[in-house]
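A short write-up of the structure that comes next.
Remember, it's a predicted structure, so these values are computed and weren't measured experimentally. Keep in mind that the numbers below use all heavy atoms, side chains included, and drop hydrogens, waters and symmetry copies.
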Amino acid sequence: MTSVLALYRNHDALMNMSSNQQPTLILRRLSVDEYVLPKIHTKKIKRVNSERKPFSVNPFPKLGTGHGVYVFENQYFRYEGEWVKGKKHGFGKLLLKDGTYYEGQFNQGEITGTGFKFFSETKCKYKGQFLKGEMHGRGIMEFPDSSEYEGNFVHNRKNGYGVMRTPLTQYDGGYQGNMRHGEGRMVYAPMRYDKTSNGDRYEGYWVADKRHGPGVLHCADGSIFDGNFDNDEFHGHGLYRHISGVIYDGMWLKGFPAKMASKLHIVVENTPMVIRQGTPFTITVQCLNDENDVVGDEGREIQITAGFKYYQPSKGSALFDMIEDVEDKPIDTPFGYQVVHYPLTNQEQENDGPSEEDEEQELSQSQTQLDLKEDEDENQNNKEEEIKEGEDGEKLAENEKQDDEKEDGVDNSGGGVEEPDEIPNNTTTETESVPLPPPVPNCRSEEGVCVWNEVYLAPAPPMYRPFVAMEEAENDKKSSSRGKPAINKDDRRSSIGNIDRRGSVNKVDKMRRQKEKALEEKYAKTGEYVLMVHDVTNPPFLGRTIEPAFLLLKLKRPEAKKRAKKEGKKWDTSQHIRRSMVATEGLED
C-alpha cells in the first residue's frame with residue numbers, strides 16, 4: 001500500500017511564473033519503509049530510587065552495584081547496604097516501619113547468613129543464622145523477661161538441641177516445634193513464696209513439652225523417683241524413695257501407687273484383747289488398702305499409744321477448774337466414748353508375786369472369784385445387781401464400814417486418829433517426783449507390717465485426771481446415799497466372799513485390798529483401755545495420711561502362781577507287809 005505526497009519547495013516563486021515557465025510536478029509513491037514519523041521531543045521523567053538526603057554519600061548505585069540506600073514503593077521497608085546487580089547482597093540493614101529491623105548478611109536479595117534481628121512487637125532479640133528471612137541454624141534468642149534460648153532453630157522454631165534459661169528454670173536437651181521433645185534435663189529454681197517453682201530436678205525424656213517416658217525426678221525435699229512418666233505424672237513401674245523414709249517399688253497409675261495404703265489394721269485373735277498386769281504383750285499392725293490387701297510399704301512410720309476413758313469432771317470440782325490447762329485433748333474412738341492418753345512403755349517391769357505360798361493360794365481363790373464376777377458383770381452390760389440385805393448383811397456392812405474407817409485413820413471407839421499405814425492410790429506428796437517410763441518408740445514398716453514386742457501398760461502418772469474424776473464420781477455417789485449403805489463393786493465382791501463365809505471379815509479380803517493397792521502403785525489399774533495406732537509419717541507420703549486403728553484392751557490382775565505340790569514318800573506295800581510279818585514272828589516267839 002502506498003500514498004502520494006506533493007512537495008512544494010518555493011510556493012511564491014511558483015505562483016509568479018507563467019504557465020510556460022512553471023515546471024511539471026512529479027509525483028511519486030513512497031513505501032512504508034521510507035515513511036518517517038516526525039520526531040517528538042518529550043521531557044524525560046527520572047525515577048526516585050533513593051532518599052536524597054545530605055548524609056547519603058552514595059544513593060542507589062549506578063548499574064545497581066555498590067553501597068546505596070533504597071526506600072521501597074510502599075514506604076514500609078528501607079534498605080541501606082551493599083548491592084550487586086540491583087539485588088541486596090553483602091552486609092546491610094533492613095528497617096521496617098513498625099520498628100523491627102534486621103542487620104546482617106544478605107544473599108541475592110534474601111536475608112541469609114549471620115545477623116541480628118529485633119522484634120518490636122515482642123521486644124525479643126535474635127542473633128544467629130538466617131535462611132531466606134527465617135531463623136534457621138544456631139542462634140541466641142533473648143526475651144524481655146531476661147529469659148534466653150541458645151540452640152538450634154528450624155524455620156523460626158526451636159528444633160534440635162538447645163538450652164533454655166528462665167528466671168525459674170533451666171532446660172538443656174532436645175526440642176521439636178518449639179516444644180521440649182526427646183531427652184533433656186530440667187532444673188527448677190528453689191522454692192518460691194508464690195509456689196511458681198519447687199526446686200526439683202528432672203533428667204529423662206520429654207514429649208510435647210511434658211515429661212513422658214523413663215526418667216529420674218530429684219525433688220527439692222530429697223525424695224527421688226526413678227521410673228516411667230506419662231503426661232507429667234508417675235505412670236508405670238517406678239521406685240520412689242520419699243523423704244519421710246517410705247519406699248515404694250511397684251506400679252503407678254496417674255501419679256499414685258496402684259496399691260495405696262488407706263488404713264491400718266491390728267492383728268488380733270479375739271476382741272477385746274485380754275492382758276495381765278505386769279505381763280508383756282505383742283502388737284502386730286498391717287497397712288491395708290481398700291480391698292484389705294497388705295500394701296508392701298517400706299519405712300512408713302507408725303505410732304502406737306494407749307488411752308483410758310475420758311470422764312468429764314463435775315462442775316465446781318478442783319479438776320474442773322484445771323480443765324482449761326489440759327493440753328491432752330480427748331480423742332474420739334469408734335467405741336462410743338472419748339479417751340485421753342495413757343502411758344505405754346516397752347520398759348521391762350518386775351512382777352512382784354506373793355511372798356508366801358499360803359497367801360498365794362488364798363489370793364488365787366479370791367482372784368478367781370473376782371475374775372468370774374467381772375466376766376459376769378460384762379455379759380450383763382455392767383448392770384448392777386441388787387443384793388438382798390438381811391441381818392447378816394447389815395452387820396457385815398457395819399463391820400466393813402468400821403474397817404474402812406480404821407484404814408482411813410478414824411477410830412470411833414474413842415482412840416483418836418491413827419495414821420494410815422499406806423498412802424492411798426494415785427496420791428503423791430508435793431515434794432515427791434515420780435518419773436514416767438519412756439514411751440514405746442515408733443516403728444518403721446517392713447513390707448507393710450509393724451511389730452512391737454514386750455509392750456506394757458505403765459503405772460498411772462500422779463493425779464491422772466480420768467482416775468481422779470472416777471474417784472470424785474464415786475465419792476459423790478457414796479455421799480448421796482448415806483441413808484443406805486452404798487456397796488460398790490469392790491465392796492460387793494468382798495461382801496459376796498464374806499457372806500459365803502457366814503458374814504465374817506476374812507483375812508483374804510484384807511490381803512486382797514493391800515495387794516491391789518500395791519499392784520496399782522507398780523502396775524496399771526485393772527479395767528478397760530484402748531490401744532490406738534496412727535500413721536505419723538512426716539511429711540505424709542504423697543500428701544496422704546492413712547486412717548488409724550483402735551483396739552479394746554482388758555487389763556486383769558496377774559495370774560497367781562500355782563502352788564507346787566510336795567512329793568512325800570511313796571507307800572511301799574510290800575515293805576509294810578514284810579515289817580508286819582517280822583513283828584508277828586517276834587510276838588509268837
List in chain and number order the residues that pass side chain to side chain donor-acceptor pair (under 3.5 Å) with R300, two or more places apart in sequence or in another chain; answer none if no residue qualifies. D297, D535

Inter-residue atom distance I302.CD1 - N442.CG, 0.5 Å rounding: 8.5 Å

Between OG1 of T333 and OH of Y310, what distance do you get to the nearest 0.5 Å?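 Those atoms lie 14.0 Å apart.
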
Could you check whether any side-chain heavy atom of V294 comes within less than 4.5 Å of a side-chain heavy atom of L288, counting everything from C-beta outward? yes

Side-chain contact, heavy-atom cut-off 4.5 Å: N346 with P439?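 In short, these two side chains do not touch, never coming nearer than 4.5 Å.
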
In terms of heavy-atom contacts, does [atom1] of [X] have more than 12 from other residues, nucleotides or ligands at under 6.0 Å?
X: Q108; atom1: CD; result: yes
X: K263; atom1: NZ; result: yes
X: R241; atom1: CZ; result: no

What residues form a salt bridge (Lys or Arg N to Asp or Glu O under 4.0 Å) with E82, not counting sequence neighbours?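 E82: no salt bridge (Lys or Arg N to Asp or Glu O under 4.0 Å) contacts found.
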
Taking salt bridge (Lys or Arg N to Asp or Glu O under 4.0 Å) as the definition, give me every residue that meets it alongside R444, ordered by chain and number, with sequence neighbours left out.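 Here the qualifying residues are E301.
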
Could you check whether the rings of W206 and Y171 sit parallel, tilted or perpendicular, using 30° and 60° as the cut-offs?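 Answer is perpendicular, since the angle exceeds 60°.
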
Distance under 6.0 Å and angle within 45° of ring axis: K309 vs Y311: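 Checked: cation-pi criterion met.
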
Could you tell me if the ring centre of F106 sits under 6.0 Å from that of F91? no

Under a plain distance cut-off of 3.5 Å, with no hydrogens placed, do S244 and N538 share a side-chain donor-acceptor pair? no

Applying the ring-ring contact (aromatic ring centres under 6.0 Å, His included) criterion to Y529, which one of F335, Y342, F281 satisfies it? Y342

